[in-house]
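One structure is given below, encoded as structure tokens.
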Amino acid sequence: MCYCGNSQTFETCCSPIINGEIKAKNAEQLMRSRYSAYCEKNSEYIHNTYANSKRTANGVREIAAFAELADFIGLTVYRFEESDNTAIVHFKADYLCDGYYCQLEETSNFTLEDSDWRYLDGTLTPHTEQKIGRNDKCPCGSDKKFKKCHAA
């Protein structure tokens with residue numbers, strides 16, 4: 001299963017997009033590949049898929065720092081809408097960071113630039129980070145205790 005939640009393997013789903021072998025067909029596919037790139041710690045790809053007007057404000061080092069801290073464990077796509085040159089994707093990315101379960105929920109805006117979909121910006125939905133005890137069930141869904149799963 002791919003990081004993005006599709007039933008295909010990473011090698012047949014998001015990897016060809018991240019590696020530039022194929023283009024994302026739509027904004028949802030781009031968003032899923034960006035999520036997978038975070039899982040793979042590929043900050044260059046994430047940086048390069050920002051809209052041209054936003055790329056300078058989102059440096060590779062800052063992206064890499066967040067990707068290194070976060071251990072992404074799940075993606076849920078709630079809504080995808082596309083018009084001529086714009087699209088909206090509402091999603092939630094679950095991740096672990098320093099013993100906390102975190103959720104990044106965003107309604108993202110995408111734009112079509114030079115026939116490629118690019119991430120423009122988004123509106124975050126706030127969620128409270130939850131401390132995970134060593135003996136709590138791991139939020140990744142493995143049914144293991146946290147200490148024997150992602151805390152190991």
Revision key, fill the gap. Checking F72, Y100, Y101 against Y95 for side-chain contact (heavy atoms from CB on, under 4.5 Å), the one that qualifies is F72
Revision key, fill the gap. All heavy atoms of A37 vs all of I18, minimum pair found to be N-CD1, 3.7 Å
Review point. Same cluster or not: are L75 and V89 linked, directly or through other Ile, Leu, Val, Met, Phe, Trp or Tyr residues, by side-chain heavy atoms under 4.5 angstrom apart?
Key: yes
Check your understanding: Honestly curious: do L120 and L30 fall in one hydrophobic cluster under the side-chain, below-4.5 Å linking rule?
Key -> no
Check your understanding: In terms of hydrophobic clustering (I, L, V, M, F, W, Y; side-chain heavy atoms under 4.5 Å; direct or indirect links), are Y3 and L69 co-clustered?
Key -> no
Practice item. Please round to the nearest 0.5 Å and tell me the distance separating atom OH of Y50 and atom OG1 of T56. Key: 12.0 Å
**Study point:** Over 12 non-hydrogen atoms of neighbours within 6.0 angstrom of CZ in R134
**Key:** no
Review point. Looking just at side-chain N and O atoms, do R118 and T49 make a donor-acceptor pair shorter than 3.5 Å?
Key: no
Point to revise | SB check K137 D143 (cutoff 4.0 Å) | key: yes
Point to revise | Salt-bridge criterion met for E129 and K131 (N-O under 4.0 Å) | key: no
Revision key, fill the gap. Correct closest heavy-atom pair for K23 and S115 would be NZ-OG, 3.1 Å
Exercise for review: For N58 and Y119, run side chain to side chain contact (heavy atoms under 4.5 Å, CB included): C-alpha distance rounded to whole Å, both residues' side-chain angles, the deciding distance at 0.1 Å, then the answer.
Suggested key: CA-CA 11 Å; N58 295 281; Y119 172 77; over 6 Å; no
Review point. Among side-chain atoms of E105 and H127, is any donor-acceptor pair under 3.5 angstrom?
Key: yes
Practice item. Verify whether one side chain among T12 and T9 offers a donor that lies under 3.5 Å from an acceptor in the other. Key: yes
Review point. Any side-chain donor paired with an acceptor under 3.5 Å for T111 and E113?
Key: no
